[in-house]
Amino acid sequence: MTTILADSFTAALAKLTNDEQKQVKLTAFDLQTDPDRPGLQFHRIDVSKDPNFWSVRVSRDIRIIIHKTGDSVMLAYVAHHDDAYKWAERRRIEAHPRTGALQIVEVRERVEEIALTPEPPRQADFPFIVANAPAASDLPLFSRLTPDQALSIGVPADWIGDVLAANEERFFTLSNHLPQEAAEALLEYAATGVLNKPTPVDAAPVSHPDAQRRFRILEGHEELAAALDQPFEKWAVFLHPSQRAVVEKDFNGPVRVIGSAGTGKTIVALHRVARILRRDANARVLLTTFSEPLSSSLKRKLRVLFADEPSLADRVVVASFGQAAAELYALTTGRKAYLIGRDKLRGVLRDSAEAAKLKRYTPQFLLSEWEHVIDAWQIDSAEAYAEVPRMGRKNRLGAKQREELWSIFGDVRRQVRAKAMMTEADLFTAVTDHFATTDRKPYTHIVVDEAQDLGVAELRFLQEIVPHQPDALFFAGDIGQRIFQQPFSWKGLGIDVRGRSFTLKVNYRTSHQIRRRADLLLPASVRDVDGEEDDRKGTVSVFDGLEPLVVIAPTAEEEIISAAAFLKSLLDDDVKVTEIGIFCRSNNELGRASRIAKAAGLQTVSSLQNPSAVDACLIGTMHLAKGLEFRAVLVVACDEGVLPLSSRIAEVADEFELDEVVASERQLLYVAATRARDYLFISAVAPGSEFLEDLLL
């Protein structure tokens with residue numbers, strides 16, 4: 001008999017105590033092995049509208065709700081006796097009459113009269129708040145839709161009347177009672193005015209793409225154990241149809257998945273790794289990203305995904321760009337790479353300019369030209385420098401100027417090499433050059449997370465450490481979260497993703513209110529150098545929440561008082577200390593952030609190495625926030641001169657670079673803000689960062 005796991009079961013299991021969960025799992029294993037065994041106590045739930053609901057006794061007070069048909073048993077829900085029965089009494093499981101997808105549907109007549117005009121959740125009052133929630137419209141959101149159109153996107157028939165009458169405030173309450181695909185389609189319609197009807201699918205109800213986001217057919221005890229051992233990691237068991245389509249498709253060239261923060265790009269990347277390894281027993285995969293903390297996070301997530309197939313992990317390496325290059329360099333040369341630091345390099349450039357008596361070129365310009373042209377493109381001769389297109393550099397250089405500048409840059413190259421040192425770009429190039437001359441590649445496939453922060457040398461490196469086969473490269477990232485690299489043409493380096501670039505639109509991590517406010521920091525559409533566009537319009541969050549708070553205090557002391565009060569309110573709302581992150585722009589502001597935590601009586605940790613091991617919140621710079629998520633985030637000390645950071649502004653060499661620096665600083669605030677799921681607090685001392693003005697609706 002087939003065993004089916006519903007996401008409603010795993011979500012309910014997570015709410016039980018550890019001892020209760022153990023008892024439930026043992027009973028679930030017995031059900032999977034022999035659902036007709038005499039020791040299992042079944043009771044039909046007669047008051048349910050669905051005759052296939054049964055309860056199974058786990059203990060004196062715990063009941064599993066199963067949906068039992070002729071050839072399958074579905075684990076649908078689990079809870080204490082009364083709550084379990086109430087859940088089943090109010091639901092039915094059926095194939096939708098139009099889409100064909102299997103759904104868990106709340107019976108409209110059994111739902112207590114829904115407060116369709118609820119009092120919306122409100123933040124507590126805090127001093128110096130400057131951003132208020134926008135007024136919700138009383139106009140019906142879906143008055144132009146017909147009942148047939150609502151049915152076509154998966155709305156259950158008995159909920160269509162409520163949907164067509166809902167205004168903005170009422171809809172978010174209502175959406176919690178609808179199947180997810182229907183709620184998403186309605187949210188997209190509200191945001192764009194376009195109703196996207198699903199393509200007809202010829203599949204069994206439980207195998208329908210929309211059903212696979214909430215049901216999984218289990219093959220054996222190992223699969224069931226893995227699914228139930230990670231009840232909080234729903235992404236490891238269930239995938240959204242838009243994610244699954246990209247994960248499982250075969251491509252004839254490099255692929256890029258884009259989308260705003262929280263849309264599941266990393267999840268797609270992880271499942272793509274699993275798909276490659278399962279399909280090809282000889283595959284060797286590199287899963288890579290821009291930083292070591294993020295690669296550590298990816299390792300932890302991959303262990304969750306491989307819980308029922310741990311041997312797959314033996315054929316994947318998870319490392320940052322730099323780690324991967326350093327390991328391959330050591331492997332191919334037998335030597336360790338010694339990298340020159342940025343400050344040391346700045347000094348060498350300054351000394352070389354003085355020795356050449358070329359003082360008219362500022363230190364800022366020299367460092368910028370080195371990083372974005374000479375080192376990025378690995379220019380190694382005056383002739384190459386004379387010909388390189390200086391993309392986006394607004395201070396044009398003639399032949400005479402380039403000749404003068406090469407006397408500086410050439411000398412710097414010689415000095416660095418004389419000391420047996422390398423820049424990071426040199427390291428990538430050394431490995432690239434080695435593998436460009438051999439057919440023996442260390443990996444068959446590469447999957448990149450946070451791909452928007454790849455530089456020229458890194459991208460060249462990745463191209464050469466895999467065979468030149470169509471499906472070797474898979475990129476996931478968000479153009480709007482680029483915080484490290486200046487843009488450049490991927491196509492110019494041979495990476496052409498045209499026709500194979502996919503945008504995810506469903507935000508799982510961030511509430512509607514936080515996503516809407518954070519999106520104000522970025523343009524509605526972001527286009528890369530090659531013309532590929534990330535259209536952020538139409539992205540929807542699948543849950544409602546509280547409006548973010550933007551606070552501009554008269555003094556730092558008053559900011560600390562307000563932020564500490566916010567932290568205390570989080571604890572009163574049962575937010576765990578380990579679910580809170582406090583971030584600021586740079587190390588200079590960490591002291592202020594620490595004082596805020598101390599004023600609220602909270603311990604802090606500043607490392608990603610198992611921060612939940614102690615009862616403390618994570619504190620750090622905005623760059624540390626990249627790739628993380630929390631129930632609550634405080635972004636503090638967003639002062640004028642701090643954001644954008646004045647020292648970065650002082651280093652810019654031309655107008656184009658100034659625009660890029662300001663854009664990346666804005667994106668950094670966006671990254672930090674979108675780490676929040678339910679609560680967001682942004683604060684500054686007056687007058688505050690210029691970016692805060694964009695957050696004022």
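Computation of the quantities below employed the complete heavy-atom set of this structure, encompassing side-chain atoms and omitting hydrogens, waters and symmetry-equivalent molecules. Worth saying up front: this structure is predicted, and the values here are computed from it rather than measured. Residue numbers run from 1 in the order of the sequence given.
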Who pairs with [X] by side-chain hydrogen bond (donor to acceptor under 3.5 Å, both in side chains), at least two apart in sequence or on another chain?
X	result
Lys49	Glu109
Arg677	none
Gln23	none
Asp280	none

[atom1]/[X] to [atom2]/[Y] distance, rounded to the nearest 0.5 angstrom?
X	Y	atom1	atom2	value
Leu16	Gln21	CG	CD	6.0 Å
Tyr679	Ile514	OH	CD1	9.5 Å
Leu680	Leu549	CG	CG	8.0 Å
Leu102	Ile4	CG	CD1	7.0 Å
Trp87	Ile65	CH2	CD1	7.5 Å
His177	Arg91	NE2	CZ	9.0 Å

Query raised in the report: Going through the checks in order, is the side-chain contact (heavy atoms from CB on, under 4.5 Å) test met by Leu570 and Phe566?
Result: CA-CA 6 Å; Leu570 295 177; Phe566 179 76; 3.8 Å; yes
Query raised in the report: For His512, which residues count as a ring-ring contact (aromatic ring centres under 6.0 Å, His included) partner, sequence neighbours excluded?
Result: Phe172
Report task. Assess whether side-chain contact (heavy atoms from CB on, under 4.5 Å) is satisfied between Thr10 and Phe238, documenting all intermediate values. Result -> CA-CA 11 Å; Thr10 60; Phe238 307 100; 4.0 Å; yes
Query raised in the report: For Asp61 and His81, what are the C-alpha separation, side-chain angles and deciding distance, and is it a side chain to side chain donor-acceptor pair (under 3.5 Å)?
Result: CA-CA 5 Å; Asp61 192 40; His81 179 283; 5.5 Å; no
Report task. Quick one: do Thr510 and Arg515 satisfy side chain to side chain donor-acceptor pair (under 3.5 Å)? Show the steps, please. Result -> CA-CA 6 Å; Thr510 304; Arg515 178 197 56 76; over 6 Å; no
Near-ring test [Y]/[X], centroid separation under 6.0 angstrom:
X	Y	value
Phe9	Tyr77	no
His67	Phe53	yes
Phe142	Phe171	yes

**Report entry** Donor on one side chain, acceptor on other, Asp544 and Gln513, under 3.5 Å
**Finding:**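 Indeed, the side chains of Asp544 and Gln513 share at least one donor-acceptor pair under 3.5 Å.
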Requested in this report: Could you verify whether a donor N or O on one side chain and an acceptor N or O on the other, from Thr266 and Asp449, lie under 3.5 Å apart?
Outcome: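 Side-chain D/A pair, Thr266 to Asp449: present.
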Tell me every residue that passes side-chain contact (heavy atoms from CB on, under 4.5 Å) with [X], counting only those two or more places apart in sequence or in another chain.
X	result
Glu89	Ile45, Val47, Tyr85, Arg110
Ser242	His240, Leu504
Arg98	His96, Asp148, Leu151, Ser152

Query raised in the report: Side-chain contact, heavy-atom cut-off 4.5 Å: Arg303 with Lys299?
Result: yes
Query raised in the report: Given side chains that start at C-beta, do those of Glu223 and Arg216 come closer than 4.5 Å, heavy atoms only?
Result: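 Yes, close enough: below the 4.5 Å cut-off.
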**Report entry** Which residues share a salt bridge (Lys or Arg N to Asp or Glu O under 4.0 Å) with Glu579, sequence neighbours left out
**Finding:** Arg631
Requested in this report: Name all residues meeting the salt bridge (Lys or Arg N to Asp or Glu O under 4.0 Å) criterion together with Arg214; count only those two or more places apart in sequence or in a different chain, and write none if there are none.
Outcome: Glu181
Query raised in the report: Which residue pairs pass the ring pair (Phe, Tyr, Trp, His ring centres under 6.0 Å) test when at least one of the two sits in residues 26-48, sequence neighbours left out?
Result: Phe29-His221
**Report entry** Residues, nucleotides or ligands: over 12 heavy atoms within 6.0 Å of Arg44 CZ
**Finding:** yes
Query - The single option from Arg275, Arg278, Arg315 passing salt bridge (Lys or Arg N to Asp or Glu O under 4.0 Å) against Glu309 - result: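 Answer after filtering Arg275, Arg278, Arg315: Arg278.
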Query - Trace of the side chain to side chain donor-acceptor pair (under 3.5 Å) decision for Ser297 with Lys301 - result: CA-CA 6 Å; Ser297 176; Lys301 289 183 169 74; 3.2 Å; yes
Query raised in the report: Which residue pairs pass the side chain to side chain donor-acceptor pair (under 3.5 Å) test with at least one member in residues 201-212, sequence neighbours excluded?
Result: Asp210-Arg213, Gln212-Arg244
Report task. Decide salt bridge (charged side-chain N to carboxylate O under 4.0 Å, His left out) for Asp158 and Arg92; before the verdict, give the C-alpha distance in whole Å, the side-chain angles of both, and the deciding distance to 0.1 Å. Result -> CA-CA 12 Å; Asp158 47 348; Arg92 62 182 188 269; 3.1 Å; yes
Query raised in the report: Between Thr69 and Asn52, is a side chain to side chain donor-acceptor pair (under 3.5 Å) present by the stated rule, with each step listed?
Result: CA-CA 6 Å; Thr69 60; Asn52 296 316; over 6 Å; no
Query raised in the report: With Leu287, which of Val317, Val448, Val316 fulfils side-chain contact (heavy atoms from CB on, under 4.5 Å)?
Result: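 Only one of Val317, Val448, Val316 forms a side-chain contact (heavy atoms from CB on, under 4.5 Å) with Leu287, namely Val316.
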Report task. Assess whether salt bridge (charged side-chain N to carboxylate O under 4.0 Å, His left out) is satisfied between Arg675 and Glu629, documenting all intermediate values. Result -> CA-CA 5 Å; Arg675 303 308 96 189; Glu629 55 185 79; over 6 Å; no
